[in-house]
Amino acid sequence: MARKIRQLIQDLEKAGFINRGGKGSHRNFIHPKGIAITVSGKLGDDAKYYQEKEVEIKIMRSIK
């Protein structure tokens with residue numbers, strides 16, 4: 001079962017990403033190391049596979 005957008009955002013915030021806001025259903029996050037990602041969708045929506053993968057990649061980059 002797909003994870004929810006809400007869970008992806010929680011993972012990003014836990015990894016140190018800061019929500020810079022956005023327009024509509026888009027949220028822009030940036031990490032102090034300069035890594036940026038945009039997550040789109042309502043909080044209760046199922047996350048798409050590519051969104052889950054992108055969040056995973058960005059979090060791994062922020063750890064290095």
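Predicted model, so just to flag it, every value in this text is computed and none were measured.
Between Ile30 and Ile35 the shortest side-chain heavy-atom distance does not fall below 4.5 Å.
Remark: Ala47 pairs with Ile5, Leu8, Gln51, Glu52 by the side-chain contact (heavy atoms from CB on, under 4.5 Å) rule, at least two apart or across chains. Judged as a salt bridge (charged side-chain N to carboxylate O under 4.0 Å, His left out), and not counting sequence neighbours, the contacts of Glu54 are Lys58. For Asp11, the side-chain hydrogen bond (donor to acceptor under 3.5 Å, both in side chains) partners two or more places apart in sequence, or in a different chain, are Arg3. Checked against salt bridge (charged side-chain N to carboxylate O under 4.0 Å, His left out), Lys48 has no partners two or more places apart in sequence or in another chain. Every residue two or more places apart in sequence or in another chain that forms a salt bridge (charged side-chain N to carboxylate O under 4.0 Å, His left out) with Asp46 is listed here: Lys4.
Expressed to the nearest 0.5 Å, how far CG of Leu12 lies from CD1 of Ile18 amounts to 12.0 Å.
Using a 4.5 Å cut-off between side-chain heavy atoms of Ile, Leu, Val, Met, Phe, Trp and Tyr, with links allowed through other members, Phe29 and Ile63 fall into the same hydrophobic cluster. Met60 and Val55 fall within the same hydrophobic cluster, where Ile, Leu, Val, Met, Phe, Trp and Tyr residues are linked whenever their side-chain heavy atoms come under 4.5 Å apart, directly or through other members.
Considering all non-hydrogen atoms of both residues, Gly16 and Pro32 come closest at O-CD, 3.4 Å.
Counting only residues at least two apart or on different chains, the side chain to side chain donor-acceptor pair (under 3.5 Å) pairs with a member in residues 21-37 are Asn28-Thr38.
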